[in-house]
2 protein chains.
Amino acid sequence: MAKVIDESKLLRIKEAAIELVVQMGYGGASISAIARHANVAVGYLYRFYESKYDLVSDLLDDKLKDITGHLEVMMVQCSTIQQVITPLVNYYFHLAQHQPHHIRFIYTLINDYRFSILPDQHQRIHGLCRQLLLIGQETREIADVFTAEEIYLITVIYPVEFINVRFKQLFSEQTLSEDDKVRVVRLCMGALKG
Amino acid sequence: MAKVIDESKLLRIKEAAIELVVQMGYGGASISAIARHANVAVGYLYRFYESKYDLVSDLLDDKLKDITGHLEVMMVQCSTIQQVITPLVNYYFHLAQHQPHHIRFIYTLINDYRFSILPDQHQRIHGLCRQLLLIGQETREIADVFTAEEIYLITVIYPVEFINVRFKQLFSEQTLSEDDKVRVVRLCMGALKG
DNA sequence: AATGAATGAATGACCATTCATTCATTTTGC
DNA sequence: GCAAAATGAATGAATGGTCATTCATTCATT
């Protein structure tokens, strides 16, 4: 007698939550507004998530999983840092162009002291940065002085911040271009070189 | 008949607002909680600020003014980029060590899409970055390919993000040290070199 | 008829903001 | 020098709204 759960509704909830958290902040994104945007009853959200915090926390984890998953795939195929950074920045730009709310969502919550990266993703990100560091020091693309912490800042935080400075139109009102992508890759590679 | 406005109360309100916005986010920092923390009546806040948004927005502007003010002073005395970056990073670290809430506050709101840098500070930051770019290209400390946008990312965003990755203990549980300061300066200078 | 997915009114707490009131200080009148 | 009147700084209860969450009810499917 098990009825089918309408997956499109769950998707709409996720999309609405992401959009509203970006626009109004976590506190400003009310459950009733999320439900209204998703065209779903208020109570329906509690079928999948125990609380609003749970919903948003899970969404953040999903988005981070997407990034680490992508990075892991890229690292298997590549033997130089340049070969990892280029598709990684490509991925950020693709996300920024096709799902701008999603990259803003990550950005908003990664900077929120109430949310933190869950232990699982934390471990994976750690491992990936250490791996990058090893490869880069082998190929001499990364200076010896650097630690995994700096690799994280240069390869994850810097590109995301570049995109957000553009979104906020702080220095330029241009939309992200191919040239910008090249600039970001060049800056990352230059910074890693030391 | 003019009574004296108790400046310490206003200071306490500002301090409480900063602390609570950092801890609970803008939406979570209620006026009643701010007033309670500041040991002040709820209505008292409205003597100085028209609304909660006004209060927080003004505080952000104040903090940004502090940074741009410092940068302007530093640039008058210095003729090389190294001579600007070093005291600038020093200033960030000093803020991080002595007023951690304040740097977190800037960090939290600069990343919030509901708040933006007011036109006045915006202009000053623009001008400062352009000036840095000119000096750096003269002294060959900054590669020709860079724009003011990249100078901003490297000299403002990167150091602040470094500090916040530490605050969040993402890679290291160490508190900020003199060695870290040297690392940040080195990374900034290296990145600017291209 | 039975099941359980989906609903949305109801709940109690808390929100930002207001403003009649209180209270400390200053000015005035003597 | 002092009491009374005037001032305006400071208060916090009151307001009307919104919040997250619950759960009795409805409705579609089996």
Side-chain angles (χ1 to χ4, degrees), chain A residues 1-62 105 108-109 112-116, chain B residues 1-62 105 108-109 112-116:
Chain A
M1 257 139 260
K3 313 275 175 66
V4 185
I5 288 172
D6 188 341
E7 282 294 332
S8 85
K9 281 194 179 181
L10 185 51
L11 242 152
R12 259 150 46 209
I13 289 171
K14 288 182 176 186
E15 209 59 46
I18 288 174
E19 199 163 327
L20 285 169
V21 166
V22 168
Q23 276 168 20
M24 327 278 274
Y26 173 72
S30 72
I31 290 287
S32 70
I34 293 170
R36 207 180 317 118
H37 265 71
N39 214 19
V40 146
V42 166
Y44 190 71
L45 277 82
Y46 291 88
R47 177 163 299 280
F48 309 103
Y49 301 102
E50 281 199 350
S51 66
K52 179 178 151 183
Y53 183 85
D54 195 46
L55 158 63
V56 175
S57 203
D58 264 33
L59 282 175
L60 175 62
D61 198 48
D62 277 358
F105 178 77
T108 299
L109 294 184
D112 190 311
Y113 285 105
R114 289 163 299 173
F115 292 89
S116 52
Chain B
M1 264 144 253
K3 313 274 175 66
V4 185
I5 288 172
D6 188 343
E7 283 293 333
S8 84
K9 281 193 179 181
L10 185 51
L11 241 152
R12 261 149 45 210
I13 289 171
K14 288 181 177 186
E15 208 58 46
I18 287 174
E19 198 163 328
L20 285 169
V21 166
V22 167
Q23 275 169 20
M24 327 279 273
Y26 173 72
S30 71
I31 291 286
S32 70
I34 293 170
R36 206 180 317 119
H37 266 70
N39 213 19
V40 147
V42 166
Y44 190 70
L45 278 81
Y46 291 88
R47 177 164 299 281
F48 308 103
Y49 302 102
E50 281 199 350
S51 67
K52 179 177 149 182
Y53 182 86
D54 195 45
L55 158 63
V56 174
S57 205
D58 265 34
L59 282 175
L60 176 61
D61 199 47
D62 277 358
F105 179 77
T108 299
L109 294 184
D112 190 312
Y113 285 105
R114 288 163 299 173
F115 292 89
S116 52

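Fair warning: this is a prediction, and the values are worked out from it, not measured in the lab. The chains referred to below are lettered A, B, ... by the order of the sequence lines, with proteins before strands, and numbering in each begins at 1.
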Take the protein atom [atom1] of [X] and the nucleotide atom [atom2] of [N], then report the distance between them rounded to whole Å.
X	N	atom1	atom2	value
A/Tyr49	D/dA20	OH	P	16 Å
A/Lys52	D/dA20	NZ	C1'	8 Å
B/Ile31	D/dT11	CD1	P	15 Å
A/Glu50	D/dT21	CD	P	10 Å
B/Tyr46	D/dT11	OH	P	15 Å

Who pairs with B/Asp58 by side chain to side chain contact (heavy atoms under 4.5 Å, CB included), at least two apart in sequence or on another chain?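 Result, side chain to side chain contact (heavy atoms under 4.5 Å, CB included) vs B/Asp58: B/Tyr49, B/Asp54.
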Once side chain to side chain contact (heavy atoms under 4.5 Å, CB included) is applied, do any residues pair with B/Ala35, and if so which ones, sequence neighbours excluded?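 Listed in chain order: B/Val42, B/Leu45.
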Who passes side-chain hydrogen bond (donor to acceptor under 3.5 Å, both in side chains) against [X], sequence neighbours left out?
X	answer
B/Glu19	none
A/Arg36	none
A/Ser32	A/Ser30
A/Asp61	A/Lys65

Which residues pass the salt bridge (charged side-chain N to carboxylate O under 4.0 Å, His left out) test with A/Lys14, sequence neighbours left out?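 Checked A/Lys14 against salt bridge (charged side-chain N to carboxylate O under 4.0 Å, His left out); matches are A/Asp62.
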Quick check on C/dC15: is either OP1 or OP2 less than 4.0 Å from any side-chain nitrogen or oxygen of B/Ser32?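 Answer yes for this pair, as a side-chain N or O of B/Ser32 is under 4.0 Å from OP1 or OP2.
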Is any side-chain N or O of B/Ser30 closer than 4.0 Å to OP1 or OP2 of C/dC14? no
When rounded to the nearest 0.5 Å, the distance separating CZ of B/Arg12 from CG of B/Leu10 is 10.0 Å
What are the residues of residues 15-28 of chain B, sorted by number, that bring a heavy atom to within less than 4.0 Å of DNA chain C?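 When residues 15-28 of chain B is checked for heavy atoms under 4.0 Å from DNA chain C, there are no hits whatsoever.
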Run the ring pair (Phe, Tyr, Trp, His ring centres under 6.0 Å) test against B/Phe115 and tell me which residues pass, sequence neighbours left out. B/Tyr26, B/Tyr53
For DNA chain D, what dot-bracket results from Watson-Crick or G-U pairs at under 3.5 Å, with [ ] for crossers and | for inter-strand partners? ||||||||||||||||||||||||||||||
Under 3.5 Å between N/O atoms: give me all the protein pairs with nucleotides 12-15 of chain D, atom names plus distance.
from: D/dG12; atom 1: N7; to: B/Gly43; atom 2: N; distance (Å): 3.4

Answer with base, sugar-phosphate or nothing: what part of the nucleic acid does B/Ala33 contact at a heavy-atom distance below 4.0 Å? nothing
So, A/Arg114 side chain and B/Met24 main chain: donor-acceptor pair closer than 3.5 Å or not?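 Side chain of A/Arg114 to backbone of B/Met24, a donor-acceptor pair under 3.5 Å: yes, one is there.
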B/Lys9 side chain to B/Asn39 backbone, donor-acceptor under 3.5 Å: no
Heavy atoms from C-beta onward define the side chain here; which of D/dT21, C/dA16, C/dA6 lies closest to that of A/Arg47?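 In terms of side-chain proximity for A/Arg47, the closest of D/dT21, C/dA16, C/dA6 is C/dA6.
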